[in-house]
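Note sheet for the following structure.
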Amino acid sequence: MKKVDPRPSRAIVAAVQLASVSDAEFEASLIELRQLGKTLGFEVAGRFTQKRARVDAAAYFGAGKREELRLMREQEGAAVVLVDHEISPSQSHNLEKAVGCEVMDRTMVILEIFHRHARSRYARAQVEIARLGYMAPRLREAAKLAGPKDRGRSGTGGRSGGESHGELDRRKIRDRIVELQKELDGMALERKTQRARRHEREGLARVALVGYTNAGKSTLMRALTGSEGLVADQLFATLDTTVRALHPEPVPRVLVSDTVGFIKNLPHGLVTSFKSTLDEALEASLLAHVVDASDPAHERQLAVTEKALDEIGAAGVPRLLVFNKIDRGGDEAALREKYPGCIVMSARRPQDVAKLREAILAFFQKRLVEAELFLPWSAQKLRGQIFATCAVLEERPDGGGTFLRVRGEPEVVKRLRAQFGKVALHPRN
Ligand SMILES: Nc1nc2c(ncn2[C@@H]2O[C@H](COP(=O)(O)OP(=O)(O)OP(=O)(O)O)[C@@H](O)[C@H]2O)c(=O)[nH]1
Ligand SMILES: [Mg+2]
C-alpha cells in the first residue's frame, strides 16, 4: 500500500504588485491567497513579491526575480508556487521551468477548491465544465511545447490515425463539455419543478444568506434553523444552496437558504455556476448579506459581493446587512453609523441570533395580508395546506363549512384563492 506523507506540502505565495493596486489591497489579496492555499491543504512557507508596471509577458516575474524565487523555494523546500493572478499557459510553463516546481495560478487554486468541495451531482458537473474550460487552452499550449515529437505517441487509446495527442484531448474535452451541459440542463429543469412544488407546499417567505466566503453564512444558517450544515474555517466550504425552515417555526413559515460565497476575481467558468446555484437565492424576498466585521478587508469584500449580486440580477431584492463575528473584532459604533439599519452581531451569541431572527420576521410580518376564506365541508382536506402556509387567526363553523380568517404572504393568499376558486374557497373583502 502506498504510504501517505502526513506532512502537508509547502507552498510559497507569490505576486506582482501592479502600479494600479494599493498596498492595502495587495496585502489583503495575498492574505486571501494564503487562506486559499491552506484550504487546499498547503502549509504556506513564504511570500514573494515584486513591484512592476506590468507582469512579465514571458514568465510573469522578471528574469532576476525568477532566479530569486527559485532560491527561495529551494531553501523552503516548497513543492508549489501559488501566483496571485490568472496567468497564461505559457507564462505558467516558463515560470515552472525557471523555479523548478509546479505553479498554480489563483484561478486554478479556486477551481481546485471547488472541485474538492463539490458534493451534489449538479455542483460537480458545474465545476467540471469550468475546469475543462480552464484546461483546454493549457493542453493546447502543452502540445505546442511538446512539438511534433508528441504526434503518434500512444497512451490515450481509441485515437483515430493522424490525430495528435493534443487534438484528441481537445476533441474529448469539447465532447465532454457538451455532454455535461446536457446533463445540467436536465437537472436545472428538475430543480425548477422541485422549487415550484416547494413553494406550493411551504409558502413563499424566503430569506437567503449571501456574502463573501467565510463570512459565517453556514454558521448563521445552523443557528437560525437548528440544522447541521457544514461549517468550516475554509474558503468555499459551501457550494450548494441548501434550504431549511426557520426554527422554532413562525406561522407562516420562513425558509432560509445558505449559498455559495463570493470572492474577488472569481474564475470566469465559475461565474456561470454561481449564477445557477444562486438562482434559488434570487427567488428570496430578502437577502441577508453577511459580512465578516472582524476582517480588515470587509469593506472590499462587501463591495465585491454587492457587485456580484448586481451582476446576477439581484440588485432589486431588499437587503438586510449583517455584520457578523463582532466578537473577534470590528468597530460596532462606526459600522452602525456608516450603514444605518444594519445588524451588528456574533453568531456565537444566542441573544444576537435571536435579534437577527426578529429582524427577519419583522420584514416578513410587514408583508402579510389578512383574508377571510370559506371552506365547505366537502373541501376540508385543504385545511392542512391552509394551516401550513398561513396563520389562522379565527375559525368558526358557518352553514355548510368553516370560515377562516387567515394571515399570510400576499402571493400565498392569492394562490389559495385562485387554486380553489369560488367553489371551495370564498375570500371575503
Ligand atoms: N468568532 C467567530 N467566528 C465565527 C462567527 N461566525 C462564524 N465563525 C467562524 O467562521 C468560520 C467560517 O464560517 P462558515 O459559517 O463556514 O462561513 P461561510 O460564510 O458559510 O463560508 P463559505 O461556505 O466558505 O462561503 C468558521 O470557522 C466559523 O466557526 C462569529 O460570529 N464569531
Ligand atoms: Mg458556508
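Atoms within each ligand, like the ligands themselves, are counted from 1 in listed order.
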Under the 6.0 Å and 45° cation-pi test, does Arg191 pair with Tyr122?
yes

How far is atom 11 (C) of ligand 1 from its nearest protein heavy atom, and which residue and atom name does that atom have?
Asn214 OD1, 3.5 Å

So for Arg328 against ligand 1, with non-hydrogen atoms under 4.0 Å, the contacting part is side chain

Short list, please: which atoms of ligand 1 are under 4.0 Å from a heavy atom of Ser218?
15 (O), 18 (P), 20 (O)

Can you find a side-chain donor-acceptor pair between Ser218 and Asp258 that sits under 3.5 Å?
yes

The closest protein heavy-atom partner of atom 17 (O) of ligand 1 is Gly216 N, 3.1 Å

Atom 6 (N) of ligand 1 - nearest protein heavy atom and its distance
Asn324 ND2, 3.1 Å

Identify the protein heavy atom lying closest to atom 7 (C) of ligand 1, giving its residue, its atom name and the separation to 0.1 Å.
Thr219 OG1, 3.3 Å

Candidate with minimal heavy-atom separation from atom 4 (C) of ligand 1, of Met221, Arg348, Arg349
Arg348

Which ligand 1 atoms does Gly261 reach within 4.0 Å, using its non-hydrogen atoms?
25 (O)

Without hydrogens or angle criteria, can the side chains of Tyr134 and Glu86 be said to hold a donor-acceptor pair below 3.5 Å?
no

So, with waters excluded, how many protein N/O/S atoms does the Mg ion (ligand 2) have closer than 2.8 Å?
2

If you count heavy atoms of other groups shown closer than 6.0 angstrom to CZ of Arg121, is the number above 12?
no

for atom 18 (P) of ligand 1, nearest protein heavy atom and its distance come out as Lys217 N, 3.5 Å

Enumerate the atoms of ligand 1 whose separation from the nearest heavy atom of Thr213 is less than 4.0 angstrom.
22 (P), 24 (O), 25 (O)

With only distance considered, is Ala215 within less than 3.5 Å of ligand 1 through an N or O on each side?
yes

Let's go through Lys338 and Glu299 carefully: what are the C-alpha distance in whole Å and the side-chain angles of both, what is the deciding distance for salt bridge (charged side-chain N to carboxylate O under 4.0 Å, His left out) to 0.1 Å, and is it a yes or a no?
CA-CA 11 Å; Lys338 184 154 182 206; Glu299 281 199 21; 3.0 Å; yes

Just checking Gln351: does its CD atom have more than 12 heavy atoms from other residues, nucleotides or ligands closer to it than 6.0 angstrom?
yes

Would you say that Glu96 contacts Val103 through its side chain, given a criterion of any heavy-atom pair below 4.5 Å between the two side chains?
yes

Are Lys307 and Phe262 in a cation-pi contact, defined as NZ or CZ under 6.0 Å from the six-membered ring centre and within 45° of the axis?
no

Write out the residue and atom name of the closest protein heavy atom to atom 27 (O) of ligand 1, then the distance separating them to 0.1 Å.
Asp233 CB, 3.4 Å

For Asp105 and Gln91, which I'm curious about, is there any donor-acceptor pair between the side chains at under 3.5 Å?
no

Is it true that the side chains of Gln301 and Asp292 contain a donor and an acceptor less than 3.5 Å apart?
no

Suppose I only count heavy atoms of Ala347 and a 4.0 Å limit; which atoms of ligand 1 are within that range?
6 (N), 30 (C), 31 (O)

Residue from Met345, Lys325, Lys217, Met221 passing side chain to side chain contact (heavy atoms under 4.5 Å, CB included) with Val290:
Lys217

Please determine if Arg336 forms a cation-pi arrangement with Tyr339, meaning its NZ or CZ atom is less than 6.0 Å from the six-membered ring centre and no more than 45° off the ring axis.
no

Region of Asp327 engaging ligand 1 - heavy atom pairs below 4.0 Å:
side chain

Protein heavy-atom partner closest to atom 5 (C) of ligand 1 - residue, atom, separation in Å:
Lys325 CG, 3.5 Å

Single hit among Leu393, Thr389, Leu373 for side chain to side chain contact (heavy atoms under 4.5 Å, CB included) with Val406:
Leu373

